[in-house]
Amino acid sequence: MLGYAAMNRTLRERDPPRRCNRDMRKATWESEGLDRAAELAERNLRDLRAILEWNRDHGIRFYRCSSTLIPWNSAFDIEELPNYERIRSLARDCGAFVRANGVRLTFHPDHWCKLASESADTVARSVETVAHHGRWLDLMGLPRSPRYAINVHIGAHYGDKAATAERFCDVVADLPPRARARLTVENDDTDSLWSVPELVESVADRVGIPVTFDYHHHAFADRGLTYREAFELARPTWGDVRPIAHYSEPARLHGDADARPQAHAHHVARVPPWLRRAADVMVESGGKERSLFRLRS
DNA sequence: TGGCGTCAAGGTTGC
DNA sequence: GCAACCTTGACGCCA
């Protein structure tokens, strides 16, 4: 399967727009609080259902939902929402749709999520982040499996990779099951950070979570491995679950000579067939769902 | 209503 | 030691 992340450009341009990433700024959160969060969450969940239906109608069964599905959820318990029962019902409905249609739904908390941080406060906030993603998937009634992944990066080295890996594993082992059982870890796009072999050896083999292979990121920390060798290293960490891989192409190869090497191109030319055969591939490009259509044509 | 400056959070690197 | 940068759409102020 091929998938895309977050925004659906086609539905975003409709009137009214359909999207599941409505958010608010701090000042709004402080002035309007739970009532506003409740309203945005409800609209986001309704539109998530619409996006999932649109995906199915267009042959797309792999989708990464925005982490602002329930905005500011790290600041409150979801049961505190005044419309909690409606939220629960909408989430259950999305989950039922996902299961009935063989959809793979995942999340990818952003780079503020630092499970291996040296700061206890940062770790606590990061644990809360993956925990509430797990809560959403539970509300949807989806199995606690990396089929419905909550994918994170370690994203730092703190000057000591061995100690960082140790902290990461300790924190992961203590996560609530709703997050722990769905957690996956992805290779970074920086030479000093976490490559596929490092994640497999230092994390996956120790604490038993799958490694998400990001094809584009691998170029920045290849450790002498070809793309295929790196993927084959990550593959067994998924056990019985079909692996997820991320695929994008450098903007520089698509005419943007000034782009930094890590920048993603707006579309991708071709997903390697060996990768498509062995994994569900999340295409990360600005073109979103339209990039998938171009790959088919 | 449209344009546009700014946005909760962490960490690395360059100066 | 401080500032820029990551990344990117969307929020929300202001004209």
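Owing to the predicted nature of the structure, the values given are computational and were not obtained by experimental measurement.
Within a heavy-atom distance below 4.0 Å of DNA chain B, the residues of residues 107-123 of chain A found are A:D110, A:H111, A:W112, A:K114, A:S117, A:T122. Non-hydrogen atoms lying under 4.0 Å from DNA chain B are contributed by nothing in residues 10-21 of chain A. Within a heavy-atom distance below 4.0 Å of DNA chain B, the residues of residues 153-171 of chain A found are A:A156, A:H157, A:Y158. For the segment residues 130-139 of chain A, no residue has any heavy atom less than 4.0 angstrom from an atom of DNA chain C.
To the nearest 0.5 Å, the span separating CG on A:L295 from CG on A:L2 amounts to 6.0 Å. Taking CZ from A:F97 and CG from A:L105, the interatomic distance works out to 11.0 Å, rounded to the nearest 0.5 Å. Taking CD of A:Q262 as the start and OG of A:S248 as the end, the distance is 11.0 Å to the nearest 0.5 Å. Atom-to-atom distance recorded for A:D188:CG and A:W194:CH2 is 9.0 Å, nearest 0.5 angstrom.
In A:D57, the CG atom is crowded: over 12 heavy atoms of neighbouring residues, nucleotides or ligands sit closer than 6.0 Å. With a 6.0 Å radius and a threshold of 12 heavy atoms from other residues, nucleotides or ligands, A:R242 has its CZ atom above the threshold. Residue A:R276 places its CZ atom among 12 or fewer non-hydrogen atoms of other residues, nucleotides or ligands, all under 6.0 Å distant.
With the nearest nucleotide of DNA chain C identified for both A:M24 and A:R9, A:R9 has the one nearer the 5' end. Between A:W29 and A:Q262, the residue anchored nearer the 5' end of DNA chain C, judged by the nucleotide with its closest heavy atom, is A:Q262.
An OP1 or OP2 oxygen of C:dC13 is reached within less than 4.0 angstrom by no side-chain nitrogen or oxygen of A:R25. Distances shown here put a side-chain N or O of A:S192 below 4.0 Å from the OP1 or OP2 atom of B:dT13.
The two atoms that bring A:A234 and A:V211 nearest to each other are CB-O, 3.7 Å, heavy atoms only. Nearest heavy-atom pair across A:H218 and A:L225 is NE2-O, 2.8 Å.
For the residue pair A:T190 / A:S192, no side-chain donor-acceptor distance below 3.5 Å is found, with atom types taken as modelled.
In summary, A:R22 and A:E39 do not engage in a salt bridge, as defined by a charged side-chain N under 4.0 Å from a carboxylate O. By the 4.0 Å N-to-carboxylate-O rule, A:R19 lies too far from A:D47 to be salt-bridged with it.
One atom, CZ of A:F220, and another, C1' of B:dT12, lie 16 Å apart when rounded to the nearest Å. Computed from coordinates, the A:E128 CD to B:dA8 P distance equals 19 Å when rounded to whole Å. One atom, CG of A:D23, and another, P of C:dT8, lie 16 Å apart when rounded to the nearest Å. If you measure from atom CG of A:N44 to atom P of C:dA10, you get 11 Å, rounded to the nearest angstrom. One interatomic measurement links the two molecules: CH2 of A:W72 to P of B:dA9, which rounds to 8 Å at whole-angstrom precision. Distance, A:K26 NZ to C:dC13 C1': 19 Å, rounded to whole Å. Atom pair A:D188:CG and B:dG10:C1' shows a separation of 13 Å (rounding to whole Å applied). Taking atom CG of A:L40 as the reference point, atom C1' of C:dG9 lies 15 Å away to the nearest angstrom.
One P atom belongs to B:dG2, the other to C:dT8, and the distance between them is 26 Å to the nearest Å. C:dC6 and B:dC4 are spaced 22 Å apart, taking the P atom of each and rounding to whole Å. Taking atom P in both C:dA4 and B:dT6, one finds a spacing of 13 Å when rounded to whole Å. Of the P atoms belonging to C:dC13 and B:dA8, the separation is 12 Å, rounded to the nearest Å.
Taking the six-membered ring wherever Trp is involved, the centroid distance between the rings of A:W54 and A:Y63 does not fall below 6.0 Å. Between A:H153 and A:H108, the distance separating the two ring centers is shorter than 6.0 angstrom. Within the 6.0 Å centre-distance limit, the rings of A:H216 and A:F220 are counted as a close aromatic pair.
By the side chain to side chain donor-acceptor pair (under 3.5 Å) test, A:R88 pairs with A:E85, sequence neighbours left out.
Looking at DNA chain B, the stems built from 3 or more consecutive Watson-Crick or G-U wobble pairs, each pair with its key distances under 3.5 Å, are B:1-7 with C:9-15, B:10-15 with C:1-6.
A:L199 places none of its side-chain heavy atoms less than 4.5 Å from the side chain of A:T237.
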